[in-house]
Amino acid sequence: MTEPPHSDAPPRRATHLHRSLLVSLAGLVLACAPAMQSRGGEAVLVERLYFGRNASDSLVVTDSAWMSFVAEVVTPRFPSGLTSWSAMGQWRGADGRIRREPSFVLELVNPAGAPDTEAAIAAIIAEYKRRFRQEAVLRVVTAAHAMPE
């Protein structure tokens with residue numbers, strides 16, 4: 001997810017669409033929360049973030065750099081726990097080219113409606129993009145219910 005040298009910030013329309021989708025998802029989650037709790041589980045949001053490892057044509061985000069990033073940036077914001085794993089991904093860059101690269105996937109499970117989650121995840125994404133010169137981080141949010149046993 002290396003940023004091309006000619007890339008500009010995302011268009012405002014895309015940012016507005018992103019925010020609209022998040023607001024819609026939050027409303028859906030809040031509407032479904034009573035049903036999820038009646039099944040015996042806690043209403044949660046599962047946040048899955050996909051981080052590309054190619055920092056430039058010749059640099060890669062190493063396992064140790066990832067571990068440092070998780071320790072310094074993610075864990076302070078989500079000390080209750082997280083899961084991460086390595087993956088292989090494919091995506092289309094701003095220049096229209098298909099790129100394949102190794103990735104890290106980070107999964108966070110948090111109570112639905114937790115007040116600081118949105119800001120914390122936005123900060124994690126922004127820092128990864130800044131630190132490793134990334135064009136984007138994919139974020140997938142799923143409403144679910146957690147039933148620890």
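Throughout, residue positions are numbered sequentially from 1 according to the sequence presented. Remember, predicted model here, so these are calculated numbers, not experimental data.
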> Over all heavy atoms of both residues, which pair between S103 and G89 is shortest? Give the atoms and the distance, please.
OG-N, 3.9 Å
> Using the side chain to side chain donor-acceptor pair (under 3.5 Å) criterion, which residues pair with R130? Sequence neighbours excluded.
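Here the qualifying residues are E127.
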> Where do M147 and G41 come nearest, in terms of heavy atoms and distance?
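Where M147 meets G41 most closely, the heavy atoms are CG-CA, 3.5 Å.
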> If you look only at pairs with a residue in residues 82-93, which of them pass as a salt bridge (Lys or Arg N to Asp or Glu O under 4.0 Å), with sequence neighbours excluded?
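Applying salt bridge (Lys or Arg N to Asp or Glu O under 4.0 Å) to every pair that reaches into residues 82-93, excluding sequence neighbours, yields nothing.
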> Distance from R133 atom CZ to L59 atom CG, nearest 0.5 Å?
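R133 CZ to L59 CG: 6.0 Å, rounded to 0.5 Å.
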> Nearest 0.5 Å, please: how far is CD in E47 from CZ in R139?
4.0 Å
> Quick check for you: to the nearest 0.5 Å, what is the distance between L106 atom CG and I124 atom CD1?
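L106 atom CG to I124 atom CD1 measures 6.5 Å (nearest 0.5 Å).
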> List the atom of K129, the atom of E135, and the distance in Å for their closest heavy-atom pair.
CE-O, 3.7 Å
> Can you tell me which residue pairs pass the ring pair (Phe, Tyr, Trp, His ring centres under 6.0 Å) test with a partner in residues 96-122, sequence neighbours excluded?
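Of all non-adjacent pairs touching residues 96-122, those that pass ring pair (Phe, Tyr, Trp, His ring centres under 6.0 Å) are W66-F104.
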> Under 4.5 Å between any side-chain heavy atoms of L49 and L138, yes or no?
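When only atoms from C-beta onward are counted, L138 and L49 do not touch, as no gap falls below 4.5 Å.
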> How close do Q134 and N54 get, counting heavy atoms only, and between which atoms?
NE2-O, 2.9 Å
> Is there a path of hydrophobic side-chain contacts, each under 4.5 Å between heavy atoms of I/L/V/M/F/W/Y residues, joining V60 to F51?
no
> What closest approach, in Å, do V61 and A55 show between heavy atoms, and which atom pair accounts for it?
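In this case the closest contact between V61 and A55 is CG2-CB, 4.4 Å.
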> Among all residues two or more places apart in sequence or in another chain, which pass the side chain to side chain donor-acceptor pair (under 3.5 Å) test with D116?
none
> Under 3.5 Å, which donor-acceptor pairs link side chains of residues 75-86 to any protein atom two or more places apart or in another chain?
from	atom 1	to	atom 2	distance (Å)
T75	OG1	V70	O	3.1
R77	NH1	V73	O	2.8

> Give, for atom CD of E42 and atom NE2 of H145, the distance between the pair rounded to the nearest 0.5 Å.
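Between atom CD of E42 and atom NE2 of H145 there are 11.0 Å.
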> Of all the heavy-atom pairs spanning A143 and L45, show the shortest one and how long it is.
CA-CD2, 4.0 Å
> Among residues at least two apart in sequence or on other chains, which ones pass side chain to side chain contact (heavy atoms under 4.5 Å, CB included) with A126?
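By the side chain to side chain contact (heavy atoms under 4.5 Å, CB included) rule, A126 matches no residue at all.
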> Among pairs that include at least one residue of residues 58-76, which meet salt bridge (Lys or Arg N to Asp or Glu O under 4.0 Å), considering only residues two or more places apart or in two chains?
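Sorted pair list: R53-D63, E72-R131.
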